[in-house]
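Below is one structure, written out as structure tokens; the observations come after it.
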2 protein chains.
Amino acid sequence: MTEFGLSPIQATARDDAVLKALAGFVMQEALGPGQRLPTERILAERLKVSRNTVREALTRWEGLGLVERRQGSGTYLKGVVSLDMLHMPLTLAGGNDFTSLMQTLEIRRALEAEAAALCAVRAGQAEIAEIARKLDIMEQAFHTRAGMSAEEDWEFHQSIYRASGNPLFEQIIAAMHELFHRFWEHPLGVRDFGHASFPYHRTIYERIAAHDPEGARAEALKLIATVEDDLKRGAAKLKLSGQK
Amino acid sequence: MTEFGLSPIQATARDDAVLKALAGFVMQEALGPGQRLPTERILAERLKVSRNTVREALTRWEGLGLVERRQGSGTYLKGVVSLDMLHMPLTLAGGNDFTSLMQTLEIRRALEAEAAALCAVRAGQAEIAEIARKLDIMEQAFHTRAGMSAEEDWEFHQSIYRASGNPLFEQIIAAMHELFHRFWEHPLGVRDFGHASFPYHRTIYERIAAHDPEGARAEALKLIATVEDDLKRGAAKLKLSGQK
DNA sequence: ATGCAGAAATTGGTTGGACCATTGAGCCAT
DNA sequence: ATGGCTCAATGGTCCAACCAATTTCTGCAT
């Protein structure tokens, strides 16, 4: 099969046209997350298409998590949209079981290590200071609330992804985090989940502040390893207690 | 065309219910990629919902890349569908420029290295044989077609992702690959793009076959490094020629 | 004036029916 | 066989309602 370099043309593509126009409108009006966009009826009238077409277009955006619809209220932006957006929908088979969590952790291990290394190379004074701030907040929360610092923990890691200079790290891991939110919070009933990982947050920060990419990578790998251990302990506990 | 195993829907949240019922139907009938599923009119009748509702539900799946609709023909499955699917749609800002490509390469570097290492640990005889087969095909195509072996190259990497035992690797990288398809093919006008990476395919395979995870990781990193170099060369060339 | 319950308007969700555009299968003349 | 034709099937779009949740307005009692 030879390559002709030709793509099939699309005769009818009203949905896409609607989304393109809407994206242009959003940019023009400089709308951000939380803002409400025009009602379906108005969009249909302005764009000279049926309300049904508008709805199918918005359904696409909703499925992509870009927009949230509230009956009786309106349609609201949930993220930043731009004309040159690229979509990368992933669907993972298998539910919220041990295997799925373990698989996401393998992805996170790869990305976390790389992000920490890149961060150690690229982070400037401001980024390092921000990471230090998040680390302090997390450590204080950890001590005052006896280890319940999931939210602060997450924000610490986010600050590293941001300082990596590549927004894809944050986006991919954030999507996984949102997906397994309940499990990152109270995974599998292990009460002291995450305790073992605590000291490595500071060591990661130190290696980043010292601009030592391989050191940061190594500490990040240690952190993920403790999480994997916790997960395995939780799975073993579950097995003992007879749950499937 | 008599029995569909579909039962009517009752409460609100119709479209979600439609998708759940449809997913159940797909599993029950053991439908796989490429297969055609019932027409919208039949689904609407069987589920006792309006055709518009069916369409919105299918629009969701289409946006997620699970399904492909062909006017006049039907709606066809594009991937594997199951009841306990989880969706992780990512939307990346920024277009098909040099920076975006470089950022996806950083993600690919992290994942490719980890996948190769995992593969070296987990791949069995059958998986290794499959990788060897893809490698042979790629090398032959490379020699007979003077380096134009993008498709075979991609299939070689896919076989590694599959043998890693974690489907997320293949899904994430496949999504990026599809996204930047034109650029992976003829990136930035560099004619011998990918030539430098050629020898590392075999070295990666050898480390995997020897069950040497760190060796496989190292070779994978070398391969990505050559691609990054090609990309930088292409960008420099573009800069010289005055294009933006 | 103020507070609040109920009415009214707004907005997304659903329905049913109609028609258009594309596809594919069957048929027929060549 | 080949090419062109019809015609039924199927997804794409449109319209005009109505339903359900939410918000806003209104008017009465305090």
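Just the heavy atoms: all of them, side chains too, but no hydrogens, waters or symmetry mates, feed the values below. First the proteins, then the strands, lettered A, B, ... as listed; each starts at 1. Nothing here was measured: the structure is a model prediction, and the numbers come from that model.
- With rounding to whole Å, B:Glu40 atom CD is found 11 Å from D:dT13 atom P.
- To the nearest angstrom, P of C:dG17 lies 13 Å from CZ of B:Arg51.
- When rounded to the nearest whole Å, the span between CG of B:Asp15 and P of C:dG12 equals 15 Å.
- Residue B:Ser73 places its side chain closer to C:dT23 than to any other of D:dC14, C:dT23, C:dG13.
- If you check C:dT14, D:dC14, C:dG24 against the side chain of A:Arg55, the one that comes closest is C:dT14.
- Here the side chain of B:Ser50 is nearest to one of C:dA21, C:dG16, C:dG13, namely C:dG16.
- Summarising the geometry of B:Ala115 relative to B:Tyr161, their closest heavy-atom pair is CB-CD2, 3.9 Å, with the distance given to 0.1 Å.
- When rounded to the nearest whole Å, the span between OH of B:Tyr76 and P of C:dT23 equals 11 Å.
- In terms of position along DNA chain D, the nucleotide closest to A:Lys48 lies nearer the 5' end than the nucleotide closest to the other residue of the pair A:Lys48 and A:Gly72.
- Salt bridge status for B:Lys134 with B:Glu152: absent, with no side-chain N to carboxylate O gap under 4.0 Å.
- Out of C:dT15, C:dG12, D:dC14, the shortest distance to the side chain of A:Thr39 is found at C:dG12.
- Between the CG atom of B:Leu58 and the C1' atom of D:dT10 there is a distance of 12 Å, given to the nearest Å.
- We find the CG-CG distance between B:Asp15 and B:Leu22 to be 12.5 Å, quoted to the nearest 0.5 Å.
- Distance CG (B:Asn52) to P (D:dT10): 18 Å, rounded to an integer number of Å.
- DNA chain D is contacted by both B:Arg36 and A:Glu56; B:Arg36 maps to the nucleotide lying nearer its 5′ end (nearest heavy atom per residue).
- B:Leu43 has its CG atom 14 Å from the P atom of C:dT15, to the nearest Å.
- No hydrogens or angles considered: a donor-acceptor pair under 3.5 Å links the side chains of A:His157 and A:His201.
- With distances taken from any side-chain atom of A:Arg69 to the nucleotides C:dG12, D:dG12, C:dT23, the minimum falls on C:dG12.
- The CD-C1' distance, from B:Glu45 to C:dG17, rounds to 15 Å in whole Å.
- Regarding contacts with the backbone of D:dC14, a side-chain N or O of A:Arg14 is found under 4.0 angstrom from either OP1 or OP2.
- The pair B:Glu127-B:Arg162 fails the salt-bridge criterion, with no side-chain N (NZ, NE, NH1 or NH2) lying under 4.0 Å from an Asp/Glu carboxylate O.
- No hydrogens or angles were tested; on distance alone, nothing pairs the side chain of B:Arg70 with the base of D:dG12 as donor and acceptor under 3.5 Å.
- Regarding contacts with the backbone of C:dG13, every side-chain N or O of B:Thr53 stays at 4.0 angstrom or more from both OP1 and OP2.
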